[in-house]
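Below: the structure, in structure tokens.
What you see is a predicted model, and the numbers here were worked out from it, not measured in a lab.
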Protein chains: 2
Amino acid sequence: MKGKPTIYDIAKKLNITAATVSRALNNNPRISQATKELVLKTAKDMNYEPNKLALALKKGKSNNIGVVVPYINRNFFSSVIRGIEEELFPKGYNVIISQTHESAEREVDIINNLLNAQVEGIIISLAKFTKNTKHFEQVLKKNIPLIFFDRYQEMGGVSSVTIDDYQGSYDATIHLIEQGCDRIAHLTVDPTLSIYKHRLEGYQQALIDHSIPFREELVVKLKSDMEEGKRVAENLMALENPPNAIFSTSDYGALGAIKWLQTNGYKVPEDVCVVGFSNEPFTQFLDLSMSSVDQVPLEMGKMAAQVFLEQVNDGNNVKIEKKVVLSPSLIIRQSSTKK
Amino acid sequence: MKGKPTIYDIAKKLNITAATVSRALNNNPRISQATKELVLKTAKDMNYEPNKLALALKKGKSNNIGVVVPYINRNFFSSVIRGIEEELFPKGYNVIISQTHESAEREVDIINNLLNAQVEGIIISLAKFTKNTKHFEQVLKKNIPLIFFDRYQEMGGVSSVTIDDYQGSYDATIHLIEQGCDRIAHLTVDPTLSIYKHRLEGYQQALIDHSIPFREELVVKLKSDMEEGKRVAENLMALENPPNAIFSTSDYGALGAIKWLQTNGYKVPEDVCVVGFSNEPFTQFLDLSMSSVDQVPLEMGKMAAQVFLEQVNDGNNVKIEKKVVLSPSLIIRQSSTKK
DNA sequence: TTGTAGGCGTTATCAC
DNA sequence: GTGATAACGCCTACAA
């Protein structure tokens, strides 16, 4: 008996069959209390541990779940993954992670790979440029729960967990208005992506609700990047009627804006209030701490895991399509607090 | 043929046996070119994909590797994991992650779980309070490569990938000395842990090499935390002969120190130079950017993965025990640059 | 060059 | 209650 002990080893020792051992181990009702205890005891003695691979092959279930993100070392994603792992480890699932590097191609490879590995579910935040959804149809065809989080795409049979981007944006804008700002710039990243579209809409609605005219020139598209934020701030302040608040859908853009403002004679928040989005860890450590919309990544991860568990337990039932929308949380700090 | 096609399905279609199909798929030399091509083609047509679980059971190899960290959403750890994944995905390995939450108990559970899942290797950064190593002996007994990174413990048969903490600390201290500082405080976390012990030694050696007397009262132990950093800075500056430089083995401690200094009339770096350790992302975004020792997490992850690959390919050979020590990289920024 | 048969560790379906 | 036996999908001697 070199390697790990199997149910055969323990069967032999007890002079019974492997089948009986298996049943005893699985607490099968029609097995005598005596043998049950005996088996359990010797199993423990021999340091027996079931071979998950065999079980997996037999049942066609691996106890593994795949989590796919663009990059794992972005704070938002790693926090979501943390939430997922914490929810799923106690249930006996192992979390396999993969990174798309924002490449749609690689995303396809990863999905195929996960499928081969017989994962029982896939939780994914789409690569930025994923348009085609063919690879996901395969997943659905196999009745494997597929859950999008944060970045998603409309697709029948797919569940998703997102934050209410509209609400987050609305709240942030209202907050700025309440600080007395009436010329609020909106920095966006790519309004064709749904999350940014919703953020734009929330911003617009807040203006409407306070009878503030919408000015097209105050909406600027830029990459989520500090240098871009500086450039944009410069342009905005050069307008004849410059903004007295900047709401950026990215913390990095907001940071760049603040830096430019401060080094060019503007006071934040007195002259210009600034609010970011994502609540990156650095926002709280700045000398002038930055207000930001928190995307509740931990909750998002836990929620995604829970949705997965529901679907997986629902067996081959009708495909449930669950859309969970979490409330983001506006964190108000110095960059937008006049007092 | 409901589920996934198997080699049997494709065998039936071609009127040959599964064995032949298997061989063709595996490019077995003694198989006719004709059938090989035929099999390959129909396999593709039928959208055949090998079932990794079956393969795993057969070979006793899962193609999975376990990565264990305290918390996945710490920048350092998630960056290491990123490195590991990037190195291992192309080789066909799946990366399973688990978090210990710094609990030694949970660490034991996780190791057992990974063992049951038949992972082919384990890469781990120890929970802070792990003393016992019994659970690791099990891993070694099964001939499964075990690799420690960052936080490790001396153990026969175990490889490790770390940075040269001594060197990093030495470099940082020398840098401070070159800036003209001769009263350098050293903030440590827990000198009983080897990494902090080495950092203390590097600091001391730098002093010796420049004939600067070592002063016990300039070495302070504190938690890696901003508030603690403030408290400690206050105490240090109250000494009769206060420091003109602070080297903290944690960025958070350094940050706290800087904040306290700045709000209490001291100029950084003119009055006091400050250097941190870890190169957390926030250090570069501070108004006064912070110098720090980068722990090259990406390289560390890649290196750990490479060590794993070596061991795993070495079969059941003699246990190789590889100790890789990477060079940290001192990032010099404003907090320590007088000019 | 290809087919046959057995096995990896479990569980499920029959029987007894 | 428990024992045979087959099966999950694949690989690999051993034959032919």
Side-chain angles (χ1 to χ4, degrees), chain A residues 1-40 42-43 46-64 92 115-120 142-143, chain B residues 1-40 42-43 46-64 92 115-120 142-143:
Chain A
M1 203 197 62
K2 310 223 45 162
K4 296 193 61 164
T6 74
I7 50 173
Y8 278 91
D9 298 319
I10 130 165
K12 201 178 297 169
K13 191 168 222 162
L14 262 42
N15 261 326
I16 53 179
T17 57
T20 308
V21 175
S22 169
R23 284 190 273 252
L25 256 21
N26 289 289
N27 214 347
N28 187 310
R30 46 186 206 184
I31 204 100
S32 83
Q33 195 57 28
T35 37
K36 200 175 284 184
E37 281 170 11
L38 194 59
V39 168
L40 252 41
T42 39
M46 300 179 68
N47 236 311
Y48 166 82
E49 297 271 7
N51 181 325
K52 283 199 182 174
L53 289 182
L55 224 159
L57 174 61
K58 180 70 184 160
K59 304 214 164 168
K61 302 241 155 195
S62 63
N63 268 295
N64 288 158
L115 251 25
N116 297 165
Q118 322 291 124
V119 294
E120 291 186 46
K142 297 192 180 172
N143 234 305
Chain B
M1 204 198 63
K2 311 224 42 163
K4 296 192 63 166
T6 74
I7 50 173
Y8 279 91
D9 298 321
I10 130 167
K12 202 178 296 168
K13 189 168 224 163
L14 262 41
N15 261 327
I16 53 180
T17 55
T20 307
V21 175
S22 170
R23 285 191 271 253
L25 257 19
N26 288 291
N27 214 348
N28 187 309
R30 48 188 206 182
I31 205 98
S32 82
Q33 196 56 31
T35 36
K36 200 176 281 185
E37 281 169 10
L38 194 59
V39 167
L40 253 41
T42 38
M46 300 179 69
N47 235 309
Y48 168 81
E49 297 273 5
N51 181 327
K52 284 200 180 174
L53 289 181
L55 224 159
L57 175 59
K58 176 70 186 163
K59 304 215 163 167
K61 302 240 155 197
S62 63
N63 269 293
N64 289 158
L115 251 25
N116 297 164
Q118 322 291 126
V119 293
E120 291 187 45
K142 297 193 179 170
N143 234 304

Query raised in the report: What about Arg23(A): does its side chain form a donor-acceptor pair under 3.5 Å with the base of dT13(C)?
Result: yes
Query raised in the report: Does the base of dA12(C) carry an N or O that pairs as donor and acceptor with the side chain of Lys58(A) under 3.5 Å?
Result: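 When only heavy-atom distances are counted, Lys58(A) does not reach the base of dA12(C) through any donor-acceptor pair under 3.5 Å.
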Rounded interatomic separation in angstrom, taking [atom1] from [X] and [atom2] from [N]:
| X | N | atom1 | atom2 | answer |
| --- | --- | --- | --- | --- |
| Lys59(A) | dG9(C) | NZ | P | 18 Å |
| Asn63(A) | dT10(C) | CG | P | 14 Å |
| Asn26(B) | dG9(D) | CG | P | 17 Å |
| Asn27(B) | dC11(D) | CG | C1' | 15 Å |
| Leu53(B) | dG7(C) | CG | P | 22 Å |
| Leu57(B) | dT11(C) | CG | P | 12 Å |
| Asn51(A) | dC8(C) | CG | C1' | 8 Å |
| Arg30(A) | dG3(D) | CZ | C1' | 12 Å |

Treating [X] as the side-chain partner and [Y] as the backbone partner, does any N or O pair qualify as donor plus acceptor under 3.5 Å?
| X | Y | result |
| --- | --- | --- |
| Ser62(A) | Gln118(A) | yes |
| Ser22(A) | Ala18(A) | no |
| Asn28(A) | Ile31(A) | no |

Requested in this report: May I ask you to evaluate whether Thr20(A) reaches the phosphate of dG3(D), defined as a side-chain N or O under 4.0 Å from OP1 or OP2?
Outcome: yes
**Report entry** side-chain N/O Thr17(B) vs dG3(C) OP1/OP2, d < 4.0 Å
**Finding:**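 For dG3(C), OP1/OP2 do have a side-chain N/O of Thr17(B) under 4.0 Å.
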Report task. Step through the shown structure and confirm whether more than 12 heavy atoms of other residues, nucleotides or ligands are within 6.0 Å of NZ on Lys142(A). Result ->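 More than 12 heavy atoms, drawn from other residues, nucleotides or ligands, come within 6.0 Å of this atom.
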Requested in this report: Can you establish whether the number of heavy atoms outside Lys36(B) located under 6.0 Å from its atom NZ is more than 12?
Outcome: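 Yes, enclosed.
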Query raised in the report: Base, sugar-phosphate, or nothing: which does Ile31(B) touch, judged by heavy atoms less than 4.0 Å apart?
Result: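 The residue Ile31(B) makes sugar-phosphate contact but no base contact.
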**Report entry** Touch class at under 4.0 angstrom, heavy-atom based, for Ser32(A) against every strand present
**Finding:**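 Sugar-phosphate contact only.
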Query raised in the report: What's the closest nucleotide to the Thr35(B) side chain, out of dG9(C), dT2(C), dT11(C)?
Result: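 Taking heavy atoms from C-beta onward, the closest nucleotide is dT2(C).
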**Report entry** Nearest-nucleotide pick for Ala19(B), side chain only, options being dT10(C), dT4(C), dG9(D)
**Finding:**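 Within the option list, the nearest is dT4(C).
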Requested in this report: By nearest nucleotide on DNA chain D, pick out whichever of Asn28(A) and Tyr8(A) is the more 5' one.
Outcome: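 With Asn28(A) and Tyr8(A) compared, the 5'-side residue is Asn28(A).
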